Amino acid sequence: MGILIESLCSPEAGTQVPAIIRRFYTDKSWVEGETLRQLDQMARLNGAMTLAAFPDLHPGKYGATGVALLANRLHPLLIGNDIGCGMSLFMLDLPVRKLRIDKAELRLRELEMQEISDAGAMLAASGLPHDLFPEGLGTIGGGNHFCELQAVDEMFAGSSEGVLDSQALYLLVHSGSRGLGASVFAEFLVAGEANNEGLEIGSPAYTRWKNKHDQCVKWASLNRRMIAERAAKALHADCTLIADVPHNVVRVQPDGIVHHKGAAVANAGDLVPVAGSRASLSYIVRARDEVQQSLGAISHGAGRKYDRASMQGRIGKLRSQREQHLRNPWGGRAICDDRALMVEEAASAYKDSAQVVADLEAHHLIDPVAAMRPLLTYKKAMDQKTGGSLKNDDKRGRKGHYEKR
DNA sequence: ATGTCC
């Protein structure tokens, strides 16, 4: 099977037996030493029982990312600030052959300026308070977040015919709960309720965090839909949801709490997007029954190879060199007016998404359904004159709106 | 990751 199960029990680790680590990657996926050290530390967290590590594994601020952890305590620190972050895939009622890339690029630039009809009603329809950070809806954010226009590059044999239309355009949206999740995390950090101890299941702090988490998950899912609707509107099209998969959440299970730390939630039979980078293919995969071995999780993307800071030295300083990073091998382009962000998010900062998918397949967790090529990747648009962000979000009276919830 | 630290 190739699944290496390693049970560590060092005498200095205290009374608790470290969690069993199940590794779902091969030696073809590069994992650096610092990440393995973090993984080992996570296995020694309070109440940690089982850990699943995936091929996109890379270091994070509060432990390795690309991991699912089953524990009998709740660890808000592992989920961090972007509670509910995930990937959603939408199909557009627009065929690839009708795409005019120049026109589409100009239109997609206006993505975050598109009107949102009634944010309050959308929130209420999602079972959320109508005034829960409505002005943040439809915003992508920074870091690895994006909204990407894609086309089917390849459909894999025997894979679920009729699920995807090979002639259609798609939107893959990667975003989360923005300032909402950040405010929840900050609140628990300040109160000393997010630390290495973790929270006891059923305790008051556990219940408070879990309720806010559930709101963030709903809000983030709605946000991805609003981003897709803004993009569709900019492109004069309509969109239909195909898959909505969070990778920064907890799931309460009979045997404990599964923490998805940058690991996509994958129930058997689910379609799951595995994102590439600006210049590599993304994949749509179908989770197999065997995902129960990996705690109902798989990779959510390629995963970083180089950290953000070190990327600044790896990309050429010339304008022509920089502009190469806004192009991809399929004639696609990236919209990213923020130079530092463009460098940090260059394709070369990421692992090979094809290898990530190959590793997941080698461990029988998934069947590949389709490879998707990137045509337009919206990251950030700025006003050419003022250098300001091109956002249509109302910032009036923003303070305290969602902080006390 | 962060209506991004003033």
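Predicted model, so just to flag it, every value in this text is computed and none were measured. Convention: sequence-line order gives letters A, B, ...; per-chain numbering from 1.
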From CA spacing to verdict: side chain to side chain donor-acceptor pair (under 3.5 Å), A:E148, A:Y170: CA-CA 8 Å; A:E148 188 167 272; A:Y170 294 83; over 6 Å; no

What integer distance in Å separates [X]:[atom1] from [N]:[atom2]?
X	N	atom1	atom2	answer
A:N81	B:dT2	CG	P	7 Å
A:F133	B:dT2	CZ	P	10 Å
A:L341	B:dT2	CG	C1'	13 Å
A:E345	B:dT4	CD	P	19 Å
A:Y62	B:dT2	OH	P	15 Å
A:D338	B:dT2	CG	C1'	14 Å
A:N223	B:dT2	CG	C1'	14 Å
A:L180	B:dT4	CG	P	15 Å

Is it true that, when you exclude A:D118 itself, more than 12 heavy atoms of the residues, nucleotides or ligands shown sit nearer than 6.0 Å to its CG?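 Yes, because the 6.0 Å sphere around CG of A:D118 holds more than 12 heavy atoms from other groups.
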
For a 4.5 angstrom cut-off between non-hydrogen side-chain atoms, does A:I366 reach A:V357?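 Sidechains of A:V357 and A:I366: in contact.
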
Hey, are the side chains of A:F90 and A:T240 touching, using non-hydrogen atoms and a 4.5 Å cut-off?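 Heavy-atom side-chain distance check fails, nothing below 4.5 Å.
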
With a 3.5 Å cut-off and just heavy-atom distances, do the side chain of A:K380 and the base of B:dT4 make a donor-acceptor pair?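 Such a pair exists between side chain and base.
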
Need one value for A:G142: base, sugar-phosphate or nothing, where a base atom within 4.0 Å counts as base even if backbone is also close, heavy atoms only.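 The residue A:G142 makes sugar-phosphate contact but no base contact.
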
With a non-hydrogen cut-off below 4.0 angstrom, is A:G143 in contact with a base, only sugar-phosphate, or nothing?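 Sugar-phosphate contact only.
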
